[in-house]
Amino acid sequence: MRVRNHQGRDFIDCGAGLWCVNIGYGRAELGEAAAKAMAELGYYHLFSSYSNEPIIRLADRVLALFRERAGAPHLSKVFFGTADRTPTTPISSWCATTTICAASPTRRRSSPDSAPYHGLTAAAGSLTGILSFHKAFDLPLPGVLHTACPHFFRFGQAGEDEDAFTRRMVGELKDMIQREGPETVAAFIAEPIMGTGGAFIPPRGYFEQVQAVLDENDILFIADEVITGFGRTGEWFATGLYNLKPDIVTLAKGITSAYFPLSASVISERMWNVLRDASAEFGPVMHGFTYSGHPVGGAVAMANIDIMERENLVENSAAMGAYFLEQLRQRFADHPYVGDIRGQGLMMAIELVADRKTKRFFDHDKWAHRAIQRKAYDEGVMVRALPYVEAVSFSPPLCITRAEIDEAIARFARGFDAAMPELRAAA
Ligand code: PLP
């Protein structure tokens, strides 16, 4: 749970790095697995039907987890990459080979204040809905649109309840598909629980209704589980948590707890069949990188999942997530600048308001929540001030204990108090 700085001060890392060090720091077992893999077969690639044993074993294990722990036996093949940024790049090539999907993913960005995050390559950066990444680089690429941001607390209208909000969000998606022409829409991508864009949970019924719309229009669904995968939400995957039926799931971060850069895209049997059948006409999908599916990554991921299973870290994520959330609510629910406290498993956030009565938000440019991050750091706890809404997120390693939660929240509370003068000035 802890990292130490150059002055020897210790910090409780309530971010787990970038939502990724799921098993916690300092696990020598992963280093040993890496050393063994390097000694046995330091490298082999995945091009031209080659593969390597650790990665084949990992593919099997990931598919078994989806089958047995996420109710998703329809997922049948794994395409490995080197880091989180790679899972989204194969998507366009797959779409191009599926004649049912002639165009690109479609989403429309409606708000400058909250945005999905899918990475920062040209393709992934286009799917990411963050204006600052788009402006200087002429993004998004043509064919990428952004749907409205389904953050009820922030974008729900006066008098609108959560169910009506969901209907409005899904209605907008439906309209967009009709406007574009359903036959031109390849896929819809979403984080099941938004991470960097605000650490918020989808409004009630959202994915159920979105999936129905996608099914009606024969549009692929890509679940970006780069953050939510491997226990973060208190389930192995958000696919199981929300009973999703994605055609593609993207994975990274928790697959190795970030001890080694490795990513994966898991695809459905339906998609695989299209690719296989199209290969006769177009040739097999040629996609990958020199280091895709690196055997050391495969071995590290296996050791990581061993630890997660042996120490019941997914169950711990559910139990400690509930405790963490309850403690945050006990401590901050009545705070004058706290508008919302939310979470699922060990993925939580406190969103600020400048005025609780009128639900007026802080001026985004004042970055009020960054003051809390800074002061909390001074008190010895690392939390994250998110870039697009005034929310502070908590995503600690999944091995956190009650005592560590108590200590982290006590440190955070002292930091929050110390930030009050700056918050008052910003309000
Ligand atoms: N998808 C999600 C949900 C993420 O949070 C991230 C990174 O934080 C990515 C994709 C992209 O990962 P990378 O930073 O390796 O490009």
Side-chain angles (χ1 to χ4, degrees), residues 13 15-22 79-92 105 107 109 114-130 132-134 137 139-141 144 146-147 149-151 187-202 207 221-233 235 237-239 241-242 244 246 248-266 289 291-294 297 300-301 344-349 382-389 391 393-396:
D13 183 8
L18 283 171
W19 330 74
C20 50
V21 185
N22 286 10
F79 181 94
F80 286 98
T82 51
D84 318 19
R85 68 192 153 77
T86 54
T88 40
T89 55
I91 290 161
S92 49
R107 311 189 80 205
R109 177 171 157 64
S114 184
Y117 190 89
H118 299 293
L120 294 180
T121 58
S126 297
L127 300 172
T128 288
I130 296 160
S132 52
F133 294 122
H134 289 172
F137 298 97
L139 297 177
L141 296 173
V144 176
H146 289 265
T147 57
C149 179
H151 183 8
F188 172 88
I189 183 168
E191 295 171 76
I193 296 177
M194 188 80 83
T196 306
F200 67 84
I201 290 156
F207 281 111
F221 174 36
I222 305 163
D224 183 342
E225 291 229 44
V226 164
I227 289 178
T228 54
F230 295 94
R232 173 64 50 206
T233 70
E235 288 282 337
F237 302 102
T239 293
L241 177 69
Y242 293 132
L244 305 178
I248 305 176
V249 179
T250 59
L251 300 170
K253 298 190 191 281
I255 194 168
T256 58
S257 287
Y259 277 61
F260 194 91
L262 182 79
S263 65
S265 299
V266 188
F289 302 90
Y291 306 125
S292 296
H294 200 288
V300 170
Q344 174 64 47
L346 284 168
M347 195 171 173
M348 294 152 291
M382 291 158 86
V383 294
R384 195 145 178 244
L386 296 176
Y388 310 105
V389 289
S393 69
F394 304 81
S395 56

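Start at 1 and go down the list; that is how both ligands and their atoms are numbered.
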Distance filter under 4.0 Å to Lys253 heavy atoms, resulting ligand 1 atoms
5 (O), 7 (C), 8 (O)

Which atoms of ligand 1 have any heavy atom of Ile227 under 4.0 Å away?
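Selected atoms, number and element: 5 (O).
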
Relative to the ring of Phe237, is the ring of Phe230 parallel (under 30°), tilted (30 to 60°) or perpendicular (over 60°)?
perpendicular

For Tyr117, ring pair (Phe, Tyr, Trp, His ring centres under 6.0 Å) partners two or more places apart
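By the ring pair (Phe, Tyr, Trp, His ring centres under 6.0 Å) rule, Tyr117 matches no residue at all.
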
Run the side-chain contact (heavy atoms from CB on, under 4.5 Å) test against Ser395 and tell me which residues pass, sequence neighbours left out.
Trp19, Arg232

Ligand 1 contact on Glu191 by region, counting heavy-atom pairs under 4.0 Å
side chain

Nearest non-hydrogen partners of Ala187 and Ile222, listed with the distance
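Closest approach of Ala187 to Ile222, heavy atoms only: CB-CD1, 3.7 Å.
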
Heavy-atom closest contact (Met347 atom, Met194 atom, distance):
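Looks like CE-O, 3.7 Å.
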
Polar contact flag for Thr196 and ligand 1 (N/O pairs, less than 3.5 Å):
no

Just go through Pro192, Gly119, Gly125 and tell me whose heavy atom is the nearest to atom 11 (C) of ligand 1.
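Result: the heavy atom closest to atom 11 (C) of ligand 1 is in Gly119.
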
Looking at ligand 1, would Asp224 count as a contact under a 4.0 Å heavy-atom criterion?
yes

